[in-house]
Asker: 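Got a structure for you, written out below as structure tokens; questions coming shortly.
Letters go in sequence order (proteins before strands), and every chain restarts at 1.
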Amino acid sequence: MMDGILRNFSKLLSVQNPIHQFNRTLIILKRRHPVQLQKKNSKHKPILKGRHFVYDIVENPERMKKEKIDVILTQYVEGLGHQGELVSVRPTYAYDQLLLPKLAIYASPDNLERMKNNLYQAKDEEKPSSIHALQTAKYLKKMVVSVSMNKDEPWTIEPWHIRVSLRKMNVHVLSDDSIELPERPISGPDFTLEGKSFVVYITINKKEKVPVECNLHHWSTKLADRLPRTKFYTRTPIAIFPEQAELLMSMRGNTNND
Amino acid sequence: MESKLANGLKLLYIPKKTKISSGIGDRLPEAYKKFYKEWRHKVPEPVYYKATPGKWTKDEKTGAVIPVQNIPIPLKYPKTMHSGIWGGEAIVQGFKQSGKYKSRVPHFWTPMLKKTVVYSEILNKYMSTTVTEKALDEINKNYGLDHYLLKTSACDLRTTLSLKIKRHILMALRDKTFYVDDNVKQQEVYDKYKHYLNNYTHEEIEWYGLTFDEALLKMQDIEELNEKKAPLKAKYRLELIEELKNSNETVEENKSWLNKLNPFN
């Protein structure tokens with residue numbers, strides 16, 4: 001028995017996936033009652049009775065998930081790949097989002113040949129640091145981070161405060177070096193700063209620098225002393241430093257447009 | 001004896017009358033007739049069923065050897081299909097039957113239509129059309145609309161719209177009327193697609209992708225141009241001038257008949 005398995009093992013490996021059969025997008029029908037044999041080389045149309053129109057569905061690929069196709073990107077696409085990269089995506093997404101707006105071309109033999117000669121490759125300096133970098137930058141730019149500081153003890157804002165506040169919002173900054181605070185220090189407790197905003201810069205992969213809006217909030221460990229909750233993320237931002245006011249407004253303006 | 005019989009049968013054979021072999025259609029040029037045969041008479045690729053390969057098969061139960069006869073599933077071609085790219089798909093009319101002793105229920109299997117945009121590289125145009133999933137799949141498989149249309153024969157494209165686009169593409173390729181401003185790009189695109197032009201002559205492209213009625217109108221136009229009917233006005237004018245010239249040679253005093261009459265005689 002083992003011999004048989006071994007002998008046919010190569011056949012098992014080469015068996016094609018049923019999806020690979022022709023006409024993947026078409027429904028395949030079969031007559032339940034086969035038509036009787038026709039005369040050889042007959043010029044007449046076969047006589048079809050009512051029973052010959054009873055069909056069974058052999059396969060219905062409309063319900064199957066479509067096979068991915070390969071495309072070559074002609075441009076950096078957020079979350080997908082760099083310029084000149086071969087990616088495999090679902091055909092509908094590829095056609096609507098990549099091929100029609102000319103963000104990508106088909107991976108035909110000609111185009112693959114050209115890709116090998118690095119015709120579509122971009123230089124490393126022009127590339128974003130990773131395929132998700134710009135997406136992350138967009139996400140961070142939209143954020144309003146609440147920085148909760150102590151109401152009773154004195155403090156000065158340091159990078160780790162921002163790191164912790166971002167962590168509360170599920171953004172994990174790996175190193176404090178990538179957080180850049182405003183030039184002038186902010187210290188407190190100072191109730192004139194309550195609910196006001198300032199901008200810090202976060203560097204992604206030591207390349208993309210993103211401004212992030214932070215909102216100062218005073219917080220107490222005692223329940224009775226705590227300030228009431230506010231919707232600081234919907235209010236128009238009031239800048240702690242007047243030079244940042246314009247930047248803050250423009251960032252909020254972008255979010256409103258989206 | 002047999003050969004004589006075969007000859008006799010040949011004499012009996014009368015070719016079937018078709019639109020292009022009888023009536024006014026017979027006068028159409030060969031170039032159009034070739035296209036029409038490719039469009040209407042050629043057997044299209046199997047859709048909706050799997051053609052069994054080979055000449056013979058074995059019966060599953062008895063093991064008896066039987067010849068393979070792939071009888072295609074009859075398709076219905078609705079009028080609306082001509083305003084889209086259906087990629088050979090059409091409508092199947094038939095029955096569903098859930099069990100041997102259940103009554104069969106009429107059912108139409110129709111393609112899933114999708115409103116989308118197709119892009120032709122040669123025409124450099126985005127076109128909003130109705131397509132089927134199969135057509136989109138074929139476009140992706142052939143790496144673009146241009147390759148798909150140029151590769152596929154008319155019987156598989158079937159719809160008037162796709163044939164019209166193919167006609168425009170072929171004419172643009174033949175006359176090099178694409179990317180007129182950019183010569184480098186034009187040459188690049190031309191080199192990519194020029195091998196498709198080998199299948200057609202200049203005249204065949206002229207007549208490609210026309211419906212029967214359009215072809216008749218075109219033939220009528222050409223015939224009228226060749227005849228060049230001059231207006232009768234010009235003809236009569238010439239005749240009159242001729243006549244006057246002739247009359248000048250033999251000058252005669254035109255005396256009115258009134259002069260002949262003299263009431264005082």
Asker: In terms of heavy-atom contacts, does NE2 of A:His172 have more than 12 from other residues, nucleotides or ligands at under 6.0 Å?
Answerer: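 Enclosed.
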Asker: Using modelled atom types only, decide if a donor and an acceptor are shared between the side chain of B:Gln69 and the backbone of A:Gln38 within a distance under 3.5 Å.
Answerer: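 A pair under 3.5 Å: yes.
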Asker: Rounded to the nearest 0.5 Å, how far apart are CZ of B:Phe95 and CZ of A:Arg32?
Answerer: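 Reported value, rounded in 0.5 Å steps: 12.5 Å.
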Asker: If you count the non-hydrogen atoms of other residues, nucleotides and ligands that lie under 6.0 Å from CD in A:Gln36, is the total more than 12?
Answerer: no
Asker: Of all the heavy-atom pairs spanning A:Tyr106 and B:Gly144, show the shortest one and how long it is.
Answerer: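 So the two residues come closest at CE1-N, 3.5 Å.
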Asker: Enter the distance from A:Leu26:CG to B:Lys50:NZ here, rounded to the nearest 0.5 Å.
Answerer: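 Interatomic distance, A:Leu26 CG to B:Lys50 NZ, rounded to 0.5 Å: 11.5 Å.
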Asker: Which bit of A:Tyr55 is near chain B, if near means a heavy-atom gap under 4.5 Å: side chain, backbone, both or neither?
Answerer: both
Asker: Heavy-atom count around B:Leu11 CG within 6.0 Å, excluding the residue itself: above 12?
Answerer: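 Enclosed: over 12 neighbouring heavy atoms sit under 6.0 Å from CG of B:Leu11.
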Asker: As an exercise, state the distance from CD1 of B:Ile71 to CZ of A:Arg31, rounded to the nearest 0.5 Å.
Answerer: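 Spacing of CD1 (B:Ile71) from CZ (A:Arg31) equals 6.5 Å.
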Asker: Could you tell me the separation between the CD atom of B:Glu89 and the CD1 atom of A:Ile27, rounded to the nearest 0.5 Å?
Answerer: 10.0 Å
Asker: Between B:Asn140 and A:Tyr95, which heavy-atom pair has the shortest distance, and what is it?
Answerer: OD1-CD1, 3.7 Å
Asker: Assess whether atom CD of B:Glu188 is packed by more than 12 heavy atoms of other residues, nucleotides or ligands within 6.0 Å.
Answerer: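 Counting neighbours around CD of B:Glu188, more than 12 heavy atoms of other residues, nucleotides or ligands fall under 6.0 Å, so yes.
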Asker: About how many Å separate CD1 of A:Ile69 and NZ of B:Lys141, when rounded to the nearest 0.5 Å?
Answerer: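 Output value for this atom pair is 11.5 Å.
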Asker: Can you confirm whether more than 12 heavy atoms, excluding those of A:Lys30, are under 6.0 Å from its NZ atom?
Answerer: no
Asker: By a 4.5 Å heavy-atom criterion (distance strictly below it), what part of A:Pro91 contacts chain B: side chain, backbone, both, or neither?
Answerer: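 Its backbone and side chain both get close to chain B.
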Asker: Which pairs of donor and acceptor atoms, one on a side chain in residues 73-88 of chain B, lie under 3.5 Å apart (sequence neighbours left out)?
Answerer:
from: B:Lys76; atom 1: NZ; to: B:Gln93; atom 2: OE1; distance (Å): 3.1
from: B:His82; atom 1: ND1; to: B:Thr160; atom 2: N; distance (Å): 3.1
from: B:His82; atom 1: ND1; to: B:Thr160; atom 2: OG1; distance (Å): 2.6
from: B:Ser83; atom 1: OG; to: B:Thr80; atom 2: O; distance (Å): 2.8

Asker: Select all residues of residues 98-131 of chain B having any heavy atom within less than 4.5 Å of some heavy atom of chain A, and report them by number, or 'none'.
Answerer: B:Gly99, B:Arg104, B:Trp109, B:Met112, B:Lys114, B:Thr116, B:Val117, B:Val118, B:Tyr119, B:Asn124, B:Tyr126
Asker: Between A:Leu100, A:Val35, A:Leu99, which residue shows the highest count of heavy-atom pairs closer than 4.5 Å to chain B?
Answerer: A:Leu100
Asker: Is A:Ala107 in contact with chain B via its backbone, its side chain, both, or neither, using a 4.5 Å heavy-atom distance?
Answerer: backbone
Asker: So what's closer than 4.5 Å to chain A heavy atoms on B:Leu136: side chain, backbone, both or neither?
Answerer: side chain
Asker: More than 12 heavy atoms of other residues, nucleotides or ligands under 6.0 Å from NZ of B:Lys176: is that the case?
Answerer: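 Atom NZ in B:Lys176 is crowded, with more than 12 foreign heavy atoms closer than 6.0 Å.
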